[in-house]
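Note that this is a predicted model, so its numbers are computed, not measured.
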2 protein chains.
Amino acid sequence: MKKDHKDVSMAVIRRLPKYHRRLKELMEKDVTRISSKELSGMIGFTASQIRQDLNCFGGFGQQGYGYDVSELYTEISRILGLTEHYNTVIVGAGNLGQAIANYSNFEKKGFHVLALFEKNPRLIGLKIRDVPVLDIDELEEFAKNKSVDIGVICTNSENAQDVADQLVKLPVKAVWNFAPVDIILPENIVQENVHLSDSLFVISYLLKMQRDEQQNP
Amino acid sequence: MKKDHKDVSMAVIRRLPKYHRRLKELMEKDVTRISSKELSGMIGFTASQIRQDLNCFGGFGQQGYGYDVSELYTEISRILGLTEHYNTVIVGAGNLGQAIANYSNFEKKGFHVLALFEKNPRLIGLKIRDVPVLDIDELEEFAKNKSVDIGVICTNSENAQDVADQLVKLPVKAVWNFAPVDIILPENIVQENVHLSDSLFVISYLLKMQRDEQQNP
DNA sequence: TAGATTGTTAATCGATTAACAATC
DNA sequence: TAGATTGTTAATCGATTAACAATC
């Protein structure tokens, strides 16, 4: 029996994509089995943590043997929901929106981009890898009779909340926000923020720390 | 006396940019003072956590009053090192590299993009907001006599480690990696990864969970 | 001054690590 | 079988929350 989604902590969930990535690499190297200890060596988590993490979802290993790489990869793919298909729309067809639309790996994993939406007339009408850039005013009409799972916000901060509200009305089930603001969404909508500046500011902090340490050792 | 950088946990550090962002918003609304309780209401951390976080770096508040918004903003900017100037180079001038080069907010915060580097001849010679796109083979020569603080990797996975190695040789002090692989760097180099697919996969997981819950309530 | 709110210590909670019996 | 390694429970560690005296 597969136990899934009990109440697994977000800390564990955020490690799953890394397992997924590493197992993929192992498969490409034709490694067929791996122990938690070996995996620990390459992934940087303790062997204990790896076993704990995996056991949130089921016993995928075998005592005395370890884990079958291919099987574990398949399981984690399933746990992450990568065996499903998702329809997405991207709002904002600037460089970032285009970058995401162009990222063919997402398509491979089942994330299909239906269209990009823009207000800049220069961009409307373009095609990004066969995906049309449409007028933002057409969004509501476009989404009728379609099931849109994920809305991606690639606009500037000023428009992000407006766009979020429009997406919620479609409705979408999740919002992937790249604008550097904290948008407000209904509780039941999955929200994931990618605040690039936060990440850059952490670099800045760490560089400053390093500099200070060199001065006062 | 300002206590900085003792051994503040990464959990705290990763919250700092969010304080920074919210305080900016408050300043724009001409709010001059705020209590940890009020801030808690808008930012979603407990008041207790906010006070704990800030006290890692010093006592910026005043009993009975709260915090001076503008002063706290300035302090957090300083703690994050945003009062410094950083030179950056971006390797990979595709949509993502261009998006980052175009992001004028970074420039405002002191992150100056010296140049982008590309191997695709169609892109070499372009200018992104006055920033030239140069041949990747010119990187080493270009960096001579220049102090490059941050190298940004916007290439595909295949080239990411090579590029990282080149950046380390320049040298750079930090690597900001957008390729969906785990690159290996010397210990003393600051590394920050933005794995977009990880973020998307977490959305996928949460959507799947939500679906499952609706079926087995 | 009285009221409000911090800074800080103590208590709780949760996540990570260690240990080991189960078992392949 | 003996050796290896898991799954799982217990111990530890760290982070968050609660409480309250200090003080503006």
Side-chain angles (χ1 to χ4, degrees), chain A residues 1-19 22-23 26 31-73 75-76 79 202 205, chain B residues 1-19 22-23 26 31-73 75-76 79 202 205:
Chain A
M1 205 217 58
K2 306 263 173 56
K3 43 176 166 170
D4 250 45
H5 73 76
K6 313 204 313 167
D7 0 57
V8 181
S9 80
M10 279 307 284
V12 175
I13 292 157
R14 292 199 180 277
R15 281 193 293 269
L16 293 179
K18 192 157 179 178
Y19 291 121
R22 289 306 183 113
L23 288 164
L26 286 170
V31 178
T32 56
R33 67 179 259 199
I34 193 151
S35 69
S36 57
K37 195 177 162 195
E38 288 171 297
L39 194 53
S40 168
M42 54 181 284
I43 212 170
F45 311 148
T46 63
S48 196
Q49 180 166 65
I50 292 170
R51 294 201 299 278
Q52 284 275 27
D53 282 356
L54 298 177
N55 271 85
C56 292
F57 304 99
F60 304 130
Q62 200 166 48
Q63 279 102 329
Y65 177 89
Y67 299 87
D68 181 283
V69 172
S70 168
E71 188 196 314
L72 188 55
Y73 176 77
E75 287 293 350
I76 291 179
I79 293 162
V202 170
Y205 174 89
Chain B
M1 203 217 59
K2 305 263 174 57
K3 45 178 167 171
D4 248 47
H5 73 74
K6 312 203 314 166
D7 359 56
V8 181
S9 79
M10 280 306 285
V12 175
I13 293 156
R14 292 199 180 279
R15 281 193 292 269
L16 292 179
K18 193 158 177 176
Y19 291 122
R22 288 307 183 113
L23 288 164
L26 286 170
V31 178
T32 56
R33 66 180 257 199
I34 192 152
S35 69
S36 57
K37 195 178 165 196
E38 288 170 298
L39 194 54
S40 168
M42 53 181 286
I43 211 169
F45 310 149
T46 63
S48 196
Q49 180 165 66
I50 292 170
R51 294 201 300 278
Q52 285 274 27
D53 283 356
L54 298 178
N55 272 83
C56 292
F57 303 99
F60 304 128
Q62 201 167 48
Q63 278 102 328
Y65 176 89
Y67 299 87
D68 180 283
V69 172
S70 169
E71 187 196 314
L72 189 55
Y73 176 78
E75 285 292 351
I76 292 179
I79 293 162
V202 170
Y205 174 89

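Counting heavy atoms from C-beta on, the side chains of Ile13(A) and Ile79(A) never come closer than 4.5 Å. Taking 4.5 Å as the limit, every side-chain heavy atom of Glu38(B) sits out of range of all side-chain heavy atoms of Val31(B). Within the 4.5 Å cutoff, no side-chain heavy atoms of Tyr67(B) are placed close to those of Leu26(B). A 4.5 Å side-chain heavy-atom check between Gln52(A) and Thr46(A) finds every atom pair outside the cut-off.
Straight-line distance from the CG atom of Asp68(B) to the P atom of dT5(C): 15 Å, rounded to whole Å. Atom P of nucleotide dG7(C) and atom CZ of Phe57(B) are separated by 14 Å, given to the nearest angstrom. At whole-Å resolution of the value, CG in Asp53(A) and P in dT17(C) are 10 Å apart. The nearest whole Å value for the distance from the CG atom in Asn55(A) to the P atom in dT5(D) is 16 Å. As rounded to whole Å, 9 Å separates atom P of dG7(D) from atom CZ of Phe60(A). Rounded to a whole Å, the CE atom of Met10(A) is 11 Å from the P atom of dA15(C).
When the side chain to side chain contact (heavy atoms under 4.5 Å, CB included) test is applied to Arg33(A), the partners found at least two apart in sequence or on another chain are Tyr65(A).
Using a 4.0 Å cut-off on heavy atoms, the residues of residues 32-42 of chain A that approach DNA chain D are Ser35(A), Ser36(A), listed by number. In the region residues 43-51 of chain A, proximity to DNA chain D at under 4.0 angstrom, judged on heavy atoms, holds for Arg51(A).
The nearest pair of heavy atoms linking Leu72(A) to Leu23(A) is CG-CD1, 3.7 Å. Here the shortest heavy-atom pairing between Phe60(A) and Glu71(A) reads O-OE2, 3.9 Å.
Of the inter-residue distances, the one linking Gln62(B) atom CD with Ser35(B) atom OG reads 13.5 Å to the nearest 0.5 angstrom. Once rounded to the nearest 0.5 Å, the distance linking CE of Met10(B) with OH of Tyr205(A) reads 8.5 Å. Atom CZ of Arg22(A) sits about 8.5 Å away from atom CG of Leu39(A), to the nearest 0.5 Å.
For DNA chain D, if you chain together Watson-Crick or G-U pairs that step i with j, i+1 with j-1 and so on, the runs of at least three with distances under 3.5 Å are C:3-24 with D:3-24.
Listed for the Arg51(A) side chain is no donor-acceptor partner under 3.5 Å among the backbone atoms of Ser36(A). With hydrogens and angles ignored, the 3.5 Å screen pairs no side-chain donor or acceptor of Arg15(A) with any backbone N or O of Asp53(A).
Within the 4.0 Å cut-off from OP1 or OP2 of dA4(D), not a single side-chain nitrogen or oxygen of Tyr67(A) is found.
For dT9(C), the base has a donor-acceptor partner in the side chain of Gln52(B) [N/O atoms by modelled type, under 3.5 angstrom].
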For nucleotides 11-14 of chain D, list the nitrogen or oxygen atoms of the protein found under 3.5 Å from its nitrogen or oxygen atoms, one pair per line.
none

What does the list of N/O pairs under 3.5 Å between the protein and nucleotides 22-24 of chain C look like, with a distance for each?
{"from": "dC24(C)", "atom 1": "O3'", "to": "Gln62(A)", "atom 2": "NE2", "distance (Å)": "2.9"}
{"from": "dC24(C)", "atom 1": "O2", "to": "Gln63(A)", "atom 2": "O", "distance (Å)": "3.2"}

Go through the steps to decide whether Phe57(A) and Ile76(A) satisfy the test side-chain contact (heavy atoms from CB on, under 4.5 Å), and finish with yes or no. CA-CA 9 Å; Phe57(A) 304 99; Ile76(A) 291 179; over 6 Å; no

Do Ile50(B) and Tyr19(B) pass the side-chain contact (heavy atoms from CB on, under 4.5 Å) test, and can you show the C-alpha distance, the side-chain angles, and the key distance before you say yes or no? CA-CA 9 Å; Ile50(B) 292 170; Tyr19(B) 291 122; 3.6 Å; yes

